[in-house]
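Quick note on labels: first sequence line is chain A, next is B, and so on, each numbered from 1.
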Number of protein chains: 2
Amino acid sequence: MSGREIRTMEEFAEAIGISRPTVSKYFNDPASVRKTTRDRIEAALEEHHYQPNIFAINQNRKATKCIGILVPYLSDPFFAEMVRLMERRCIDAGFWPVILSAHGEQHLENEALATMRSLRPTGALLAPLGRASDLKALERFARNVPTVVFDSNVPVGETFVGSNNFQSIPMIVDYLCRTGEPPCFMEMQPVNPNANKRRDAYIMAMEKLGYDPQVVRVEGSGWEFEQIGLELGGEMLSSGGFPSSTILCSNDRLAIGLIAAAFERGLRVGHGQGCALRVAGHDDHPLSRFTTPPLTTVSQDYMSIVNKSVATLFDLVESGERNQGNRTEILFDGKLILRSSA
Amino acid sequence: MSGREIRTMEEFAEAIGISRPTVSKYFNDPASVRKTTRDRIEAALEEHHYQPNIFAINQNRKATKCIGILVPYLSDPFFAEMVRLMERRCIDAGFWPVILSAHGEQHLENEALATMRSLRPTGALLAPLGRASDLKALERFARNVPTVVFDSNVPVGETFVGSNNFQSIPMIVDYLCRTGEPPCFMEMQPVNPNANKRRDAYIMAMEKLGYDPQVVRVEGSGWEFEQIGLELGGEMLSSGGFPSSTILCSNDRLAIGLIAAAFERGLRVGHGQGCALRVAGHDDHPLSRFTTPPLTTVSQDYMSIVNKSVATLFDLVESGERNQGNRTEILFDGKLILRSSA
DNA sequence: ACAGAAATTTTACCCCCGTAAATTTTCGCT
DNA sequence: AGCGAAAATTTACGGGGGTAAAATTTCTGT
């Protein structure tokens, strides 16, 4: 290693013997400098481990290289997975994704939005809390930053990308009806628009098939869905509160809790003989494959949602257009994932 | 709303009629300005929603308000949960936590380290990949940034905070031996020092109790532990590869997969009569409570690890000391979590 | 070899705010 | 009311690098 530590681009450029702006150009696009210059810079880079100050970089750029990603609850493996995929897409495209979580609380969502706004990101991928969101704060944010909303269709941003609950729910309702007792629908207090849509879709699907919809609502709140499924679902099981032996849960996490509750009570879950209960979910949560029995569910098309969200945002950013007024909604169909729980 | 949009602190200060540095003082510590001034600023804040540019803020500060948090795999609920707790602690202390994930890959860990370094964070909380880490890159990072390492004890940073595998593993081994057939130990390719320590602790504990240690190694790699447990654990089950009907897994995720594999084969897991297999894990993963049967495991003391890591880092940062050379290691004991899988 | 065009590199200015030093205001006390 | 110290505010400067415009170099074609 050479003498003193290189701390600034100025020093770095001086050490090479070229001007700082040329080095700056290199970092923004290595191909924009002559090959001989590029080689000199890269050789020096090997030696000094110099890294531009990210604050200084973004401070005077008309568009930062930063993309904000906000989810309601990062500890939920569903969102963790979405974020993981989005993050890589952004990095590959040369952006710096900044991950933020609302931790299920409105004031933290608002704080996260404020943090994001102060980052002046080129664009943002937002999965709002939904019901608990501060709509005005979201609107204000989306007015300043090109925004694609995913998962939870809150009416802000340029585009929404998500799942088509009115396709996925009827599909699994249909399956459940054709293979056994028509399902009742277990939900908790709806935390976001998806929850409401799924319930409504369930009711429509049942009516269309000529069955009586039965919605079972448990009053848990918060984001510990499995716990709610276990506790309140368990109470329902004990008290005979479920009007059907087939239970379609509003999401997989609730179903995971319910399966655990059934196990506690010695109720065998599954579609085979000797089973007391069929349980199905929605989302194809990363761990649904590993429940016992494995959970029958309907998958959200993670990949498509992520790809489309990111691609839409990049288009938005590149074109510089803000399709004022005509917000678009892109919905992907789910796939039936048949496993043995229902 | 007033006329034009306020974009900079300069404009904001002008709109109020005070100087910018006073506003700057306010943002750094509201109590540092006179009450009358504070009230004026806060009234204007209500009206304008001005938010200082985070890049400019940190650009000229001797110590940024930023704390870097790096984990090997953010989609792992264990890390997601740790990060969640750390994040809140940092926010409460007035810091801006930046979450980064290595996504299980060395080059991404290195990129994340580079990103973090360019953020010039006040301090960093690092859970290295472990075996896949680039030790030199970690060292270089820790030389520049006060660093607390957690979970995976790679020899860098000022302090390590983690679990005491040599307490936790013997505890569960002891329990398993006293209540049934002595366990074999199922591991995969060790991804980090914990994995090795757990195996060694298992061997020591078994020998101390006068039993023959039996380590079963499956050759899966990557971070999809449940899948490995399901597939390779399943193969072992089918081929009679487990030398004991009690299986202690290196971690809960592996155990979750193994339980699913047992279910597939009609093997009942648990300690009751009629059960073919006992399965135990390690970590008390957020979802271990909800497996069927619920997983017997030993908990890592999440809260203590998080609190101690963050507190240690803050001490380090405030004191400005770098305890060169005398790296400390703080280990927390696990607790036996008795559920019905073993 | 040379004029002119194209590609690179430099020059010069600016971004938005932190911070130390200088100035002003406030406030307690005689 | 007046004085001096303490608190608050303002002045002045700088941080690390982006970027448009100017200057230079390199490349064409003849």
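If you check the side chains of A/Arg89 and A/Asn307, you find a donor sitting under 3.5 Å from an acceptor. Side-chain N/O atoms of A/Tyr26 and A/Glu42 include a donor and acceptor closer than 3.5 Å. Side-chain atoms of B/Thr159 and B/Glu329 include no donor-acceptor pair closer than 3.5 Å. Between the side chains of B/Ser118 and B/Thr115, no donor N or O sits under 3.5 Å from an acceptor N or O. Between the side chains of A/Arg140 and B/His49, at least one donor N or O lies within less than 3.5 Å of an accepting N or O.
The backbone N or O of A/Leu74 lies less than 3.5 Å from a partner atom in the side chain of A/Ser101, making a donor-acceptor pair. Here the side chain of B/Asn28 pairs a donor or acceptor atom with the backbone of B/Ser24 at under 3.5 angstrom.
Counting to the nearest Å, the P atom of C/dT10 and the CD atom of A/Glu14 are 13 Å from each other.
Ring geometry, A/His48 versus A/Phe12: the interplanar angle exceeds 60°, so the pair is classed perpendicular (tilted spans 30 to 60°).
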At under 4.0 Å between heavy atoms, which parts of nucleotides 16-22 of chain C does protein reach? Answer with one letter per nucleotide, 5' to 3': B base, S sugar-phosphate only, - none.
-> BBBB---

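Contacts between chain A and DNA chain D, taken as any atom within less than 4.0 angstrom of a protein heavy atom, begin and end at D/dG16 to D/dT26.
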